[in-house]
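Atoms within a ligand are numbered from 1 in the order they appear, just like the ligands themselves.
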Amino acid sequence: MIRINDLSKEYKTKNGLVMGVDRVNLTISEGEVFGIVGYSGAGKSSLLRCINLLERPTSGQIEVNGLDLTKLKGEELRKARLKIGMIFQHFHLISQKTVAENIAFALRAASTPREKMTSRVVELLEMVGLTDKKDVFPAQLSGGQKQRVGIARALANNPSLLLCDEATSALDPNTTLSILRLLKKINRELNITIVLITHEMNVVKEICDRMAVMQDGRVVEEGSVYEIFSNPKAELTKEFISSVLSFEVPQTILDKVTGSIVKVMFKGDVAGEGVISDMVQHFEVRGNFLHGSIEYIQEVPLGLFLMEIQGHPDNIKRAITYMEGRGAQVEVIQNGH
Ligand SMILES: Nc1ncnc2c1ncn2[C@@H]1O[C@H](COP(=O)(O)OP(=O)(O)OP(=O)(O)O)[C@@H](O)[C@H]1O
Ligand SMILES: [Mg+2]
């Protein structure tokens, strides 16, 4: 478990103090994949780098598995940090070393006996699917392969925690997906807690259990990814969610709409049910879809539809009550005219 307690990080610059992280409190459970989202400059990297003390916090505590890292120094701190792996957007591999040597480098830092080193490197290469690239130099690898080396190196010393700073931001969508799947596998099979930073909600949707949204060094919202996607509270969170679940309908279309416009949300199992078609059958209303999608947040469906309902206002009201009775959340965007 990671407990971040009233953590602040100030930077002294020639223009005065800059608050990188401003009194952040967060608890991240063991085995969780936790996402930190925010725009550039929000303080995500500062916060992440404080977690492994790559950056020393100005105030506050970082507790990892019951150990307050801010109280540790020298050898004790070095040892604790070996149990925290980190991967980066631009991989940070050593270009003069082969893939195997890059990984061995991390093992050497933990004084791994030489006879154990080779077998551990083989094991790690297998885990990240790079067995055949063992003797290749980083320049000969694709971005996705480089990140796999980064992951193998981060896992070398059996960490309990893996920190990922925009680990997929330099990768194309397909490669991103394959890296996210690898991270999920590592999380599940090795029970490694993962904290990842991203500005892409698709990344969060794909693998995170819980998330926090940061702005100006502060956490403005936190919670389970599903709850936040279905019911974002902070303005900034809504903005981020709209990048995935967006309901832009051209004005020319809206101008033609005479019925009521409603936003209908289905959470979990009911998403696939024919609630809307039942409603149209049971009440004297007509429904026209204007927009809609079913997102799968870690395999749990979240259905969101924008639709026009035409009919007598009383029937529309009853139809909405009916949908709500079957588990939908309905928001009237505009009444018919
Ligand atoms: N070493 C530093 N010295 C001075 N100011 C810094 C330093 N590192 C970060 N900052 C400042 O702290 C704030 C938070 O920066 P940080 O890099 O943590 O943001 P971020 O959310 O990771 O942004 P990005 O998405 O661009 O990576 C910014 O205002 C930044 O300018
Ligand atoms: Mg950053």
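Remark: ligand 1 and Ala42 share an N or O pair separated by less than 3.5 Å (distance only, no angle test).
The nearest heavy-atom contact from the protein to atom 15 (O) of ligand 1 is Ser46 OG, 3.8 Å. The closest protein non-hydrogen atom to atom 19 (O) of ligand 1 is Gly43 N, 3.3 Å. Nearest protein neighbour of atom 31 (O) of ligand 1, counting heavy atoms only, is Val18 CG1, 4.7 Å. For atom 4 (C) of ligand 1, the closest non-hydrogen atom on the protein side is Tyr11 CB, 3.3 Å. With hydrogens left out, the protein atom closest to atom 26 (O) of ligand 1 is Ser40 OG, 2.5 Å, a heavy atom. The nearest protein atom to atom 25 (O) of ligand 1, hydrogens excluded, is given as Lys44 NZ, 2.8 Å; this is a heavy-atom distance. Here the heavy atom of the protein found nearest to atom 23 (O) of ligand 1 is Gly41 N, 2.8 Å. In this structure, atom 17 (O) of ligand 1 lies nearest to the protein heavy atom Ser45 CB, 3.9 Å.
Here the options are Ile103, Val99, Asn102, Thr112, the test is side chain to side chain contact (heavy atoms under 4.5 Å, CB included), and the partner is Val121; only Ile103 passes. Checking Leu69, Leu161, Ile84, Asn65 one by one against Ile2, the side chain to side chain contact (heavy atoms under 4.5 Å, CB included) holds for a single residue, Leu161.
Here the side chains of Leu124 and Val128 are not in contact, with every heavy-atom distance at 4.5 Å or above.
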CA sep, side-chain torsions, deciding dist, call: Asn157, Leu107, side chain to side chain contact (heavy atoms under 4.5 Å, CB included): CA-CA 6 Å; Asn157 299 314; Leu107 291 167; 3.6 Å; yes

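Scanning both residues, Asp216 and Asp22, for their nearest heavy atoms gives O-CB, 4.2 Å. Of all non-hydrogen atoms in Gly31 and Asn191, the two that sit nearest each other are CA-OD1, 3.5 Å. Among all heavy-atom pairs drawn from Lys267 and Ser230, the shortest one is CE-OG, 3.3 Å. Minimum interatomic distance between Val332 and Asn335 (heavy atoms only, all atoms of both residues): CG1-OD1, 3.6 Å.
Ligand 1 places these atoms under 4.0 Å from at least one heavy atom of Gly20: 12 (O), 13 (C). Against a heavy-atom cut-off of under 4.0 Å, Tyr39 is close to the following atoms of ligand 1: 21 (O). Every atom of ligand 1 with a heavy atom of Thr13 under 4.0 Å away is listed here by number and element: 4 (C).
Between the side chains of Lys133 and Gln140, no donor-acceptor pair is found at a separation under 3.5 Å.
With 2.8 Å as the limit, Ser46 does not count as an N, O or S neighbour of the Mg ion (ligand 2).
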